[in-house]
Every structure is written in structure tokens, then in C-alpha cells.
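Comments concern the structure below.
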Amino acid sequence: MVKPFMPELVYVEPRALEYPLGKQLINRLEGKGIDIRETTSHNHIRNLPGDNHFQRYRMAKSTLVVGLRKTLKFDTSKPSAEYAIPLATGCMGHCHYCYLQTTMGSKPYIRTYVNVEEVLDQAEKYMEERAPNITRFEASCTSDIVGIDHLTHTLKHAIEYFGQSDLGQLRFVTKFAHVDHLLDANHNGKTRFRFSVNADYVIKYFEPGTSKLDDRIEAAKKVADAEYPLGFIVAPIYLHEGWKEGYRVMFEKLEASLPKHARKDLTFEFIQHRFTKPAKRTIEQNYPMTKLELDEAKRKPRWGKYGIWKYVYTDEEQDDMKQTLSQYLNEYFPEAKFEYFT
Ligand code: SF4
């Protein structure tokens with residue numbers, strides 16, 4: 001089993017120590033032999049140890065920066081929620097296809113924000129604007145928040161906050177199985193706890209540093225027992241030799257493991273693999289040996305909302321994926337709610 005994340009290097013903004021969470025976190029990390037340094041800003045971490053890009057990138061993925069979230073304007077987060085709630089940025093996982101490699105550019109280190117109350121106050125304002133409609137907040141747009149939450153408990157705090165809210169709901173997705181501290185959170189059914197799942201081939205070749213499928217499923221069972229609304233995101237759906245069988249086995253494993261009560265309020269989201277040209281360049285730099293297929297000529301270009309071409313599968317391939325996975329979903333989880341394919 002992948003061990004819970006522990007940073008090798010920590011940077012802390014002095015102002016973060018004025019917040020109880022900042023103090024607690026540093027107290028928890030001190031005495032563990034971790035190098036803890038000061039930084040004036042979480043946006044200006046330079047000179048990470050390492051002789052070349054490859055070593056510095058890996059060190060960045062083991063570096064935690066404890067700071068304050070300054071931008072309190074939330075991004076939108078369609079189709080899964082109205083807003084992205086910023087609790088952390090960055091991830092210790094090494095998924096070759098990860099979009100964070102491009103969105104975070106030269107700052108692949110992990111940032112956690114200690115001014116959670118200010119972030120939650122801002123969420124409250126967005127909820128008031130949309131009242132009486134429900135506002136959904138996605139907590140995993142810029143990180144795998146569960147992966148660091150055993151250290152910070154920021155997510156747990158947010159879960160309990162939305163647990164008390166009439167108009168707000170929280171959701172997030174993870175590839176990590178370290179969920180134990182979240183099981184007793186007072187969620188009141190307002191948080192949808194989702195796991196990212198995939199065929200064994202994809203997990204084995206493209207998701208190093210994350211929990212294995214069986215561990216994610218074990219964690220999903222615990223989450224269901226804690227009465228959280230549960231969901232699965234099959235992403236990225238990736239065509240490879242034997243993919244139909246690979247995804248069938250994944251559905252079979254889920255079906256064999258999930259207790260009956262976990263299926264009452266269960267959602268599935270399907271997201272196909274896509275890439276952009278800048279992403280391809282970054283992936284080839286960070287993971288030069290990757291087997292990930294990134295040939296634009298084999299894909300269909302789709303104009304993206306950030307003004308850049310994305311390369312998705314051809315229409316025929318997309319139809320085949322949609323049809324195959326929908327069939328498995330109907331067969332194994334007929335009561336589940338299918339949210340979208342994108
Ligand atoms: Fe990226 Fe998610 Fe993998 Fe982390 S777990 S590297 S956020 S895809």
C-alpha cells in the first residue's frame with residue numbers, strides 16, 4: 001500500500017504561523033527530520049535541490065508549502081460543480097497524464113492554505129448570490145486534496161462546514177486510500193466522496209505514487225459505511241490493448257466489493273483521455289519513458305475553453321467507449337446515476 005504522504009522539504013510563510021492551522025501543522029512536522037525553511041511567498045519557491053530538471057521536479061513533488069490563499073475569487077468548475085474551492089494546489093502523485101503538470105507550470109510543489117476560514121467565508125458569499133439554489137463546490141480542481149489531508153485536516157474542516165450548510169454542497173475526487181480521519185466527520189450527507197478508478201493497465205503504467213485500485217475500493221467501502229454519498233469517476237478512459245476487458249474487470253471488482261447500501265445513492269462520471277500540445281511537451285520532459293500515447297494524428301482536435309486545442313478520441317472511438325462503459329454500468333450498477341461523459 002502506498003504510504004501516506006510525508007514531505008521531504010517544507011516552506012512556510014511567516015504569516016501562516018499566525019493561524020492556528022499553520023502552527024499546528026508545523027508543530028506536527030517538526031522533529032520528523034524534515035527540512036523546514038521560511039519563504040516570503042508561496043508563489044516564489046526557487047532553488048529546489050537537484051542537479052537537473054528531472055531531480056528538481058521530483059523534489060518539488062515532495063515539497064509542501066504552508067501559506068495563505070490570497071486570491072479569493074473562485075474559478076468555475078463545470079460540469080461537476082458551480083465553483084472550484086481552493087484548499088490546496090499541487091499533488092504528490094505522479095500520474096503521467098495529469099493536467100496539473102501544465103496548469104502549475106514551473107511550480108509543481110504542493111501548497112496548502114491555512115486561511116481556510118477566509119476561503120469558507122468566500123464560499124458563503126457565492127452561496128448567498130445563488131440562493132435559493134444549491135451551490136456545489138469542487139475541492140479537487142487543483143490538487144488531490146485527500147492525499148495531504150491526513151496532515152492538514154483542511155478538507156475535514158470544510159466537510160463539517162458544509163455539513164452545517166443549507167445551500168452548499170462539497171465534492172472532491174481522489175486516488176488515495178488514506179481516508180480514515182475523514183470517516184467521523186460530521187458531513188450530514190452534504191459531501192459527495194468520489195474515487196477515481198481505472199483499468200489496471202492505466203493504474204499500473206500511468207499512475208505511480210497513488211493508491212492501487214483494490215486499496216481505493218477498500219477506502220470506498222469505509223466511506224460508504226460512514227454514510228457519505230459515494231461516487232466514482234472513471235478517468236481518464238484510455239484506449240489500450242484489451243481495454244474492454246480491463247474496464248469490465250474494474251466494474252466487476254467494484255460490484256463484488258461494494259455493499260448494498262453503498263449503491264442507493266451512487267454516481268458515475270466518465271472522462272476520456274485528452275491532451276494539449278503544451279501538455280505533451282511537459283509530459284515528455286517530466287516522464288521521458290512514458291508509454292502514454294500522445295499522437296495528435298490519431299486524435300480529434302476540440303477547441304478548449306482556455307483558447308487551446310485539446311486532442312480527444314475520434315467520434316467512433318468515443319461512441320465505442322460510451323457504449324461499452326454504459327453497458328457495464330447498466331449491468332453492474334443499474335441503480336447508479338450516470339452524470340456525464342466528456
Ligand atoms: Fe494529478 Fe490526480 Fe494524479 Fe495527483 S492523483 S498527480 S492530481 S491525476
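When a ligand or atom number is given, it counts from 1 through the structure's own listing order.
With sequence neighbours left out, Asp184 forms a salt bridge (Lys or Arg N to Asp or Glu O under 4.0 Å) with Lys156.
In this structure, Tyr328 has its ring center at least 6.0 angstrom away from the ring center of Tyr247.
With Phe54 as the aromatic partner, Arg58 meets the cation-pi criteria of under 6.0 angstrom to the ring centre and within 45 degrees of the ring axis.
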For residues 219-231, please give each side-chain donor-acceptor pair under 3.5 Å, one per line with the distance, not counting sequence neighbours.
residue : atom : partner : partner atom : Å
Lys221  : NZ   : Glu218  : OE2          : 3.0
Lys222  : NZ   : Asp180  : OD1          : 2.8
Asp225  : OD1  : His261  : NE2          : 3.0
Tyr228  : OH   : Leu182  : O            : 2.7

Under 3.5 Å, which donor-acceptor pairs link side chains of residues 284-294 to any protein atom two or more places apart or in another chain?
residue : atom : partner : partner atom : Å
Asn286  : OD1  : His53   : NE2          : 2.6
Asn286  : ND2  : Gln101  : OE1          : 3.0
Tyr287  : OH   : Tyr57   : OH           : 3.1
Tyr287  : OH   : His94   : ND1          : 2.7
Thr290  : OG1  : His96   : ND1          : 2.7
Thr290  : OG1  : Leu292  : N            : 3.1
Glu293  : OE1  : Arg299  : NH2          : 3.3
Glu293  : OE2  : Asp295  : N            : 2.9

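Excluding waters, the count of protein N/O/S atoms less than 2.8 Å from atom 4 (Fe) of ligand 1 comes to 1.
A donor atom on one side chain and an acceptor atom on the other are found under 3.5 Å apart for Thr210 and Arg216.
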